[in-house]
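What follows is a set of notes on a single structure, which appears directly below.
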Protein chains: 2
Amino acid sequence: MIPADRRTADSVESMAATRDAEVRPLRRDAADNRRRLLAAAETVFAAHGLDAPVEEIARVAGVGMGTLYRRFPTKDALITELVRELLTDVLRAAREALAVPGGDGLEQFLGAAAESHIAHRGCLPRLWSSPDTDALRQEVREVMLQLFLDAQEHRRVRADADISDVDLVLWSLSGVIETTHGQSETAWRRGLAIIVAGLRPAGGALTEPALSPSALQEIRGRTPTG
Amino acid sequence: MIPADRRTADSVESMAATRDAEVRPLRRDAADNRRRLLAAAETVFAAHGLDAPVEEIARVAGVGMGTLYRRFPTKDALITELVRELLTDVLRAAREALAVPGGDGLEQFLGAAAESHIAHRGCLPRLWSSPDTDALRQEVREVMLQLFLDAQEHRRVRADADISDVDLVLWSLSGVIETTHGQSETAWRRGLAIIVAGLRPAGGALTEPALSPSALQEIRGRTPTG
DNA sequence: TTTCAGGCGGAGTGTTCACTCCTCTTACTT
DNA sequence: AAGTAAGAGGAGTGAACACTCCGCCTGAAA
């Protein structure tokens with residue numbers, strides 16, 4: 001969306017400017033505007049996609065362009081911040097699911113993750129490829145692995161399932177959510193029910209091998225394409 | 001991608017100009033260029049997404065801008081033509097699958113459809129929302145329904161499955177293919193294996209209801225968002 | 001209350017991109 | 001072989017958009 005050669009934000013600096021409230025607290029009006037901008041961005045992106053002009057976001061937030069660009073050095077930084085919110089939601093859901101007994105945490109997590117995806121629908125296309133959120137994604141994966149192992153131990157998931165299958169489920173959910181958005185906010189539930197049934201031990205053996213670790217690694221570590 | 005107010009092609013006329021060779025056959029150079037443009041568009045869109053500039057397509061095809069725009073009145077028309085190719089592939093696959101005995105046509109079709117998606121990866125984002133291809137999509141759906149009923153009759157698909165679940169599978173595959181493209185062209189196979197296992201009769205009852213007919217209707221009949 | 005760093009708005013800038021226009025060229029027809 | 005309708009090419013056009021600049025304003029520290 002943003003041509004690669006037009007502007008290259010210093011990501012580290014931008015993160016510091018937009019996250020580290022402890023460095024120097026934002027003035028109250030500035031903090032308000034920041035929150036309003038994020039909310040507006042979510043609304044606008046959800047309605048018109050990531051191609052929506054930033055001017056529209058500023059208008060919905062009720063601030064000027066200058067304000068938007070003092071809070072977020074680039075449009076990309078704004079999107080990344082939304083992705084960070086989404087991933088934070090997902091991480092919280094994953095940790096909560098760890099407390100679910102009987103190996104059912106994984107399924108609960110998948111549902112909660114889908115809900116988060118819906119809530120942040122606008123930035124879904126960047127979920128798996130936004131920079132500056134790798135650490136967060138890594139944390140999510142670690143918890144996901146625990147949830148998966150727990151589910152498998154309790155025989156809630158077939159023995160020939162693989163941790164990479166959890167990634168596949170999330171990618172599938174993305175597809176369903178993106179395709180049905182605006183028409184049905186619950187279609188994914190049925191899709192998830194089917195996929196979960198496919199992960200249960202009852203079905204016949206899976207004839208396709210899981211993703212190879214290297215392929216998985218590459219897909220997970222992907223950075224945005226220019 | 002193309003601002004709604006910038007250009008509104010007369011779709012009917014454009015279809016006639018780009019499809020009905022019988023009205024007046026294109027001159028040979030023109031027909032050649034048309035083919036080269038479609039091939040180039042596929043390549044370029046697959047590599048850089050639908051946001052790739054048309055100039056790049058013209059360059060790859062080895063023709064000028066004027067030529068591109070004489071063959072396709074808008075960028076959208078070019079994309080629509082690619083979607084039409086994709087849907088034609090899918091329709092052929094669906095009809096071939098009708099001949100598969102034992103209710104296994106549906107599964108074969110799903111695999112073949114995914115292969116077509118990969119082959120036309122670039123235009124995937126428009127698959128479910130491109131105008132001027134409704135008739136084709138409708139034909140695909142009719143054959144899909146037959147495949148589904150056949151599979152269910154042969155107990156290859158659980159009794160509580162619904163035709164809308166086939167749509168869900170395709171949307172899921174889109175998500176997996178889009179997320180893994182460039183890193184793995186076969187990840188979808190594993191995803192499909194899991195989903196198919198979920199559709200088999202063996203698993204427990206699906207706790208989520210199928211999409212309501214009206215919701216399905218709306219999602220299927222969707223036109224592109226501006 | 002004063003001071004001023006930090007914040008605000010919004011017109012302006014440069015670039016990209018879809019699409020057009022016009023001149024020169026070429027493949028079919030007769 | 002000549003005539004011509006159709007085609008080719010590519011610089012040019014206008015609009016949209018991400019981002020900047022700068023004069024005015026305000027919350028909070030002293």
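Scope of the values below: all heavy atoms of this structure, side chains included, with no hydrogens, waters or symmetry mates. Quick caveat: nothing in here was measured; it's all calculated off a predicted structure. Convention: sequence-line order gives letters A, B, ...; per-chain numbering from 1.
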- Whole-Å distance between C/dT15 C1' and B/Glu55 CD? 13 Å
- Round to a whole Å and report the spacing from CD1 of A/Ile57 to P of D/dC17. 12 Å
- Please walk me through it: do A/Asp162 and A/Ser164 pass side chain to side chain donor-acceptor pair (under 3.5 Å)? CA-CA 5 Å; A/Asp162 185 87; A/Ser164 69; 2.9 Å; yes
- Message: Just the rounded figure in Å: distance from P of D/dT20 to CZ of A/Phe72.
- Response: 15 Å
- Query: Can you list the steps and then say if B/Glu115 with B/Arg189 is a salt bridge (Lys or Arg N to Asp or Glu O under 4.0 Å)?
  - Reply: CA-CA 10 Å; B/Glu115 298 274 16; B/Arg189 290 179 187 277; 2.8 Å; yes
Would you list the protein and nucleotides 25-28 of chain C atom pairs, both N or O, that sit under 3.5 Å from each other?
unit_1: C/dT26; atom_1: O2; unit_2: B/Arg27; atom_2: NH1; d: 2.8
unit_1: C/dT26; atom_1: O2; unit_2: B/Arg27; atom_2: NH2; d: 3.3
unit_1: C/dC28; atom_1: OP1; unit_2: B/Arg28; atom_2: N; d: 3.2

- Judged by atom type as modelled, is there a donor-acceptor pair below 3.5 Å linking the side chain of B/Arg71 to the main-chain atoms of B/Leu78? no
- Note on the structure: When rounded to whole Å, the NE2 to P distance for the pair A/His48 and D/dC17 reads 11 Å
- Task: List the steps, then state whether side-chain contact (heavy atoms from CB on, under 4.5 Å) holds for B/Val90 with B/Phe109.
- Result: CA-CA 8 Å; B/Val90 170; B/Phe109 160 71; 3.7 Å; yes
- Query: According to a strict under-4.0 Å criterion, is B/Tyr69 in side-chain N/O contact with OP1 or OP2 of C/dC19?
  - Reply: yes
- Message: I'd like to check the side chain to side chain contact (heavy atoms under 4.5 Å, CB included) partners of A/Val60; sequence neighbours left out, ordered by chain and number.
- Response: A/Ala40, A/Val44, A/Glu56
- Within this structure, what is the CZ-to-P distance between B/Arg71 and D/dA6, rounded to whole angstrom? 11 Å
- Does B/Asp132 come within less than 4.0 Å of B/Arg84, counting only side-chain N to carboxylate O? no
- Message: Between A/Thr179 and B/Asp167, is there a side-chain heavy-atom distance shorter than 4.5 Å?
- Response: no
- Message: Between A/Arg95 and A/Glu139, is there a side-chain heavy-atom distance shorter than 4.5 Å?
- Response: yes
- Take atom CG of A/Leu50 and atom P of D/dA18, then tell me their distance rounded to the nearest Å. 11 Å
- Side-chain N,O (A/Arg34) to OP1/OP2 (C/dG7) below 4.0 Å: no
- Query: Atom CG of A/Leu37 to atom P of D/dA18: distance rounded to whole Å?
  - Reply: 14 Å
- Query: Looking only at side-chain N and O atoms, does A/Asn33 come under 4.0 Å of OP1 or OP2 in C/dC8?
  - Reply: yes
- Query: Among residues 58-67 of chain A, which contact DNA chain C at a heavy-atom distance under 4.0 Å?
  - Reply: A/Gly62, A/Val63, A/Gly64, A/Met65, A/Gly66, A/Thr67
- Task: Quickly work out the A/Asp32 CG to D/dT26 C1' distance and round it to whole Å.
- Result: 14 Å
- Query: With distance as the sole test, does B/Ser212 use its side chain to make a donor-acceptor pair with the main-chain N or O of B/Ala215 at under 3.5 Å?
  - Reply: yes
